[in-house]
Amino acid sequence: MWRGLSDVPADWPSCAVTIGVFDGVHRGHAWLIENTLRAAAESGLPTVLVTFDPHPARVLGLPRDTSALSSVERRAGLARELGVDRVCVLPFTPELARMSPAEFVENVLVNALHASSVVVGANFTFGHRGAGDVDTLRRLGTRHGFTTRGVHLMPADGADCSSTHIRGCLQRGDLLAAARALGRPHEVEGALTSGHEVVLPEGTALPRPGRYAGLAAGRTVELVVTGSPGTDAAPLRLRGLDVPGGETVRIQFLEKIDT
């Protein structure tokens, strides 16, 4: 995983690139990655997934739920499992946000990554105030010598398969719909205290408060959500797992327990 463009080797070859936040690496993201791998295979190129941290909407102060479905480390691991060669995490800063579409293409895609093919979602926007779209990327690609593919979004339960849709499912406590869109159960990772509380990174996405069945360390557990990270002293408690305090656990949410 490259943390910023300075980590990209100077001799990095031409490659196929896909760009997005990729929070959760859900089924829609997997479809986008599949198209990127296909584009790379046509020319025998490696693949690079470009993601952003923190979430652009958080830096820009947009009124959106940006609670994280996955950490950047987990995002990179899931992308690698799908066949991506490298993940480049771009720190989303006010300076990056002020780049014009042309500057973003030149600095990131051309000069740093040497993109030969770029694959994005059909609703992709980039550059200052989202001034660029897929057509903009295609025109700039013609100028700089890379091809552009816009991939149609995958549907999920009558909506686009998106991180926004999945967050909405979690807010309603609909874990099955969230799992259908993700392609796996929603999971979180945190340190378990001796009092069976799970210390999560601030901004972690959780289902609505309630009791849930889950899995942790290969065992069935009961999960009690009492709030959201950053707003409650103990937003998540775990029952049914006896491990020493301080150990990091990855927890999957399976279904809501009726009370």
Side-chain angles (χ1 to χ4, degrees), residues 21-30 53-55 57-58 63-79 81-82 154-259:
V21 178
F22 289 99
D23 190 11
V25 191
H26 51 63
R27 289 176 59 243
H29 293 147
D53 185 55
H55 195 293
R58 189 178 305 173
R64 288 178 50 189
D65 180 5
T66 59
S67 54
L69 300 173
S70 60
S71 66
V72 289
E73 292 80 10
R74 180 61 175 151
R75 218 176 293 174
L78 290 166
E81 289 174 13
L82 291 170
M154 177 180 287
D157 293 326
D160 289 335
C161 186
S162 67
S163 300
T164 298
H165 167 70
I166 294 166
R167 293 188 190 98
C169 293
L170 294 176
Q171 289 167 5
R172 297 190 299 274
D174 191 349
L175 297 186
L176 296 181
R180 283 195 295 271
L182 280 164
R184 63 187 182 281
H186 175 58
E187 60 184 27
V188 299
E189 192 170 71
L192 187 63
T193 72
S194 57
H196 299 285
E197 297 171 353
V198 183
V199 180
L200 299 170
E202 185 175 353
T204 298
L206 284 173
R208 64 186 301 174
R211 295 170 59 233
Y212 298 88
L215 285 175
R219 295 185 57 178
T220 301
V221 294
E222 181 182 330
L223 306 167
V224 182
V225 179
T226 60
S228 300
T231 62
D232 189 283
L236 178 62
R237 293 187 176 92
L238 184 154
R239 298 170 180 166
L241 184 66
D242 188 16
V243 298
E247 284 203 11
T248 297
V249 291
R250 184 177 294 163
I251 300 163
Q252 290 187 330
F253 285 83
L254 300 181
E255 60 181 351
K256 196 170 191 312
I257 300 174
D258 294 329
T259 56

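Positions are given from 1 along the sequence.
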d(L206 CG, I251 CD1) to nearest 0.5 Å is 9.0 Å

**Asked** Are any of the side-chain heavy atoms of R208 and Q171 separated by less than 4.5 Å?
**Response** no

Problem - Whether R27 side chain and M154 backbone form a donor-acceptor pair below 3.5 Å - result: no

Rounded to the nearest 0.5 Å, the CG atom of L182 sits from the SG atom of C161 at a distance of 7.5 Å

Between A178 and I166 the two heavy atoms that sit nearest each other are CB-CG2, 4.2 Å

Shortest non-hydrogen pair, A57 vs T66, comes out as CB-CG2, 3.7 Å

Nearest heavy-atom contact between T164 and R64 is OG1-NH2, 4.0 Å

Exercise. Could you walk me through whether V25 and E81 pass the side-chain contact (heavy atoms from CB on, under 4.5 Å) test, one step at a time?
Key: CA-CA 11 Å; V25 191; E81 289 174 13; over 6 Å; no

Rounded to the nearest 0.5 Å, the CG atom of L200 sits from the CD atom of E189 at a distance of 10.0 Å

Tightest non-hydrogen contact, residues G240 and R219, listed as O-NH2, 3.5 Å

So NE2 of H196 and CG of L236: to nearest 0.5 Å the spacing works out to 13.0 Å

Smallest heavy-atom separation, L175 atom then F253 atom, equals CD1-CB, 3.7 Å

Subject >> Side-chain heavy atoms of V188 within contact of V198, under 4.5 Å >> reply: no

Salt bridge (Lys or Arg N to Asp or Glu O under 4.0 Å) pairs touching residues 169-184, sequence neighbours excluded, are D157-R180

Sequence neighbours excluded, the answer for side chain to side chain contact (heavy atoms under 4.5 Å, CB included) partners of S70 is D23, R74, R75

Rounding to 0.5 Å, atoms CG (L254) and CG (L223) come to a distance of 8.0 Å

- Evaluate the criterion side-chain contact (heavy atoms from CB on, under 4.5 Å) for residue pair T220 and L215; output intermediate values, then yes/no. CA-CA 5 Å; T220 301; L215 285 175; 4.0 Å; yes

Quiz item: Quick check: does any side chain N or O of H186 sit under 3.5 Å from a backbone N or O of A205, one acting as donor and the other as acceptor?
Solution: yes

Interatomic distance, NE2@H165 vs CG@D160, rounded to 0.5 Å, equals 9.5 Å

Could you check if a side-chain atom of L69 sits within less than 4.5 angstrom of a side-chain atom of L170, using non-hydrogen atoms only? yes

Looking only at heavy atoms, the pair that brings H26 and S163 closest together is NE2-N, 3.4 Å

